[in-house]
Amino acid sequence: MRAAGVREFGGRVELLDLPDPRDPGPDEVVIEVAAAGVGNWDDIVRTGAWNVGLTPPMALGVEVAGTVIAVGSRVTGLRQGDEVLGHPLQLREQGCWAEYVVVDAALVVRKPLGVSWEVAAAFPVPALTAQQVLADSLKLAEGETLLVHGAGGTTGGLIVQLAALRGARVIATAGPSSVDRTAQAGAAEVLDYHDSGWPERVRELTGGVGVDAAVNTVRGGSTDTVLAVRDGGRMATITGDPPADDRGISVADVYVRPDAAQLAELCALLGDGRLSLSVGAALPLVEAATALERVIAGASGGPVVLLV
Ligand SMILES: NC(=O)c1ccc[n+]([C@@H]2O[C@H](COP(=O)([O-])OP(=O)(O)OC[C@H]3O[C@@H](n4cnc5c(N)ncnc54)[C@H](OP(=O)(O)O)[C@@H]3O)[C@@H](O)[C@H]2O)c1
């Protein structure tokens, strides 16, 4: 089968000719991939720094959307022909940038009707991350004030939407081209992060006290983010750079984990329009290297997916 990935850890991304998928094990399904998400986390997999269960030569890709074509003997919830999406880690045989992928059936959920393959493929990792930050780490409550640093990004945008749905007052940072989208997502105030005084502006917007909770989604952005948190508040970062303990602020260093029940709830919100996501670019598998370069560069405009 055709795939895109690496021949060795640290190698360049290229088209690969990999063996066709094996029959599914009892708890597995085989998915014919329609589209697969591309995130800068795929570069961490490429270098071998994130172990997703595979060794090269291997397809990259940890988010998938496609159609079930074979079902293991013990799988009860899925049938051939079901349209599904997921973040199916640990990967069983190959990554998701491939024509077919064998996955643990318990880690994929049905694609909501009316949601495109592109959006379905770009949704699992950012949506799960956003929910795990707000619900599991920050335990954000209705009426609290939340800062989202980097709300113009895919994950930041979903954090804003989910926080607004929880009834929080959201203050966000975003660049000029993302201000309107961030406000529409539910942010009450949007500050331009190019103004280095933005943490002080956040404090002014909260009566000089600081926000109850904050999320950093920007590499190197934690030290600024924590400045805007009130004494004894909470902060989460998704870029692996937690700041030192300060002023009684609790800090969570969050890494996404697969959770099909949570993903199903998020898909329900996506399906009925309470969550939305616009894909920035959909490229063919042959352009996987370009797609990865694009997300590493952090170009604004929405998530990138590969059409398989
Ligand atoms: N820990 C985890 O499990 C986990 C999960 C998902 C993502 N992540 C990480 O989280 C980060 C964000 O991921 P993503 O996919 O959501 O990113 P993304 O969509 O690629 O974010 C790009 C956006 O970041 C904004 N940005 C760039 N520099 C900024 C700055 N200095 N201050 C504020 N905003 C800035 C820009 O928005 P504007 O348009 O506003 O300029 C840009 O459009 C990445 O580092 C990713 O690896 C971690």
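No hydrogens, no waters, no symmetry mates; every other heavy atom, side chains included, goes into these values. Just follow the structure's listing: the first ligand is 1, and inside any ligand the first atom is 1.
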Salt-bridged, R46 to E8, with N to O below 4.0 Å?
no
Examine ligand 1 and decide if any of its atoms is less than 4.0 Å from a heavy atom belonging to G298.
yes
What about V125: any of its N or O atoms under 3.5 Å from an N or O on ligand 1?
no
Which atoms from ligand 1 have a heavy atom of A174 less than 4.0 Å away?
40 (O)
Strictly by modelled atom types, are T225 and H149 linked by a side-chain donor-acceptor pair under 3.5 Å?
no
Below 3.5 angstrom, do we get any N/O pair linking N40 and ligand 1?
yes
For N216 and T239, run side chain to side chain donor-acceptor pair (under 3.5 Å): C-alpha distance rounded to whole Å, both residues' side-chain angles, the deciding distance at 0.1 Å, then the answer.
CA-CA 7 Å; N216 172 55; T239 54; 3.1 Å; yes
Nearest option to atom 31 (N) of ligand 1, as decided by whichever heavy atom of L191, V304, V218, T237 sits closest
V218
Is there a side-chain contact between P258 and L107 (heavy atoms, below 4.5 Å)?
yes
List ligand 1 atoms under 4.0 Å from T155, heavy atoms only on the residue side.
6 (C), 7 (C), 13 (O), 14 (P), 15 (O), 16 (O)
R169 pairs by salt bridge (Lys or Arg N to Asp or Glu O under 4.0 Å) with which of E144, E142, E189?
E189
Which of the numbered atoms in ligand 1 are below 4.0 angstrom from a heavy atom of T217?
10 (O), 11 (C), 12 (C)
Option set D241, I238, V133, D43, criterion heavy-atom distance to atom 4 (C) of ligand 1, minimum:
I238
Interatomic distance, CG@L113 vs SG@C267, rounded to 0.5 Å, equals 11.5 Å
Working to the nearest 0.5 Å, report the span between CG of L54 and CZ of R92.
11.0 Å
I'd like to know if the side chain of D253 and the backbone of P242 have a donor-acceptor N/O pair within less than 3.5 Å.
no
Same cluster or not: V308 versus W97, using hydrophobic residues (I, L, V, M, F, W, Y) connected whenever any side-chain heavy atoms lie under 4.5 Å apart?
yes
Taking only non-hydrogen atoms of Q132, do any sit less than 4.0 angstrom from ligand 1?
no
Ligand 1 atoms in contact with G150 (distance to a heavy atom under 4.0 Å)
33 (C), 34 (N)
For atom 41 (O) of ligand 1, which candidate among W50, W41, Y193 provides the closest heavy atom?
Y193
At under 4.0 Å between heavy atoms, which part of T239 makes contact with ligand 1: side chain, backbone, both or neither?
side chain
Which ligand 1 atoms are under 4.0 Å away from a heavy-atom of V256?
2 (C), 3 (O)
Closest heavy-atom approach to atom 37 (O) of ligand 1 among A122, A236, G152 is made by G152
Quick one: which ligand 1 atoms are inside 4.0 Å of a heavy atom on R219?
45 (O)
Which ligand 1 atoms does S178 reach within 4.0 Å, using its non-hydrogen atoms?
38 (P), 39 (O), 40 (O)
Report yes or no: do T237 and S222 form a side-chain donor-acceptor pair below 3.5 Å?
yes
At under 4.0 Å between heavy atoms, what of T154 touches ligand 1? The answer is both
Find all atoms of ligand 1 within a distance of less than 4.0 Å from any non-hydrogen atom belonging to V254, and give their numbers and elements.
1 (N), 2 (C), 3 (O)
Does any part of the side chain of E14, heavy atoms only, come nearer than 4.5 Å to the side chain of V6, both counted from C-beta?
no
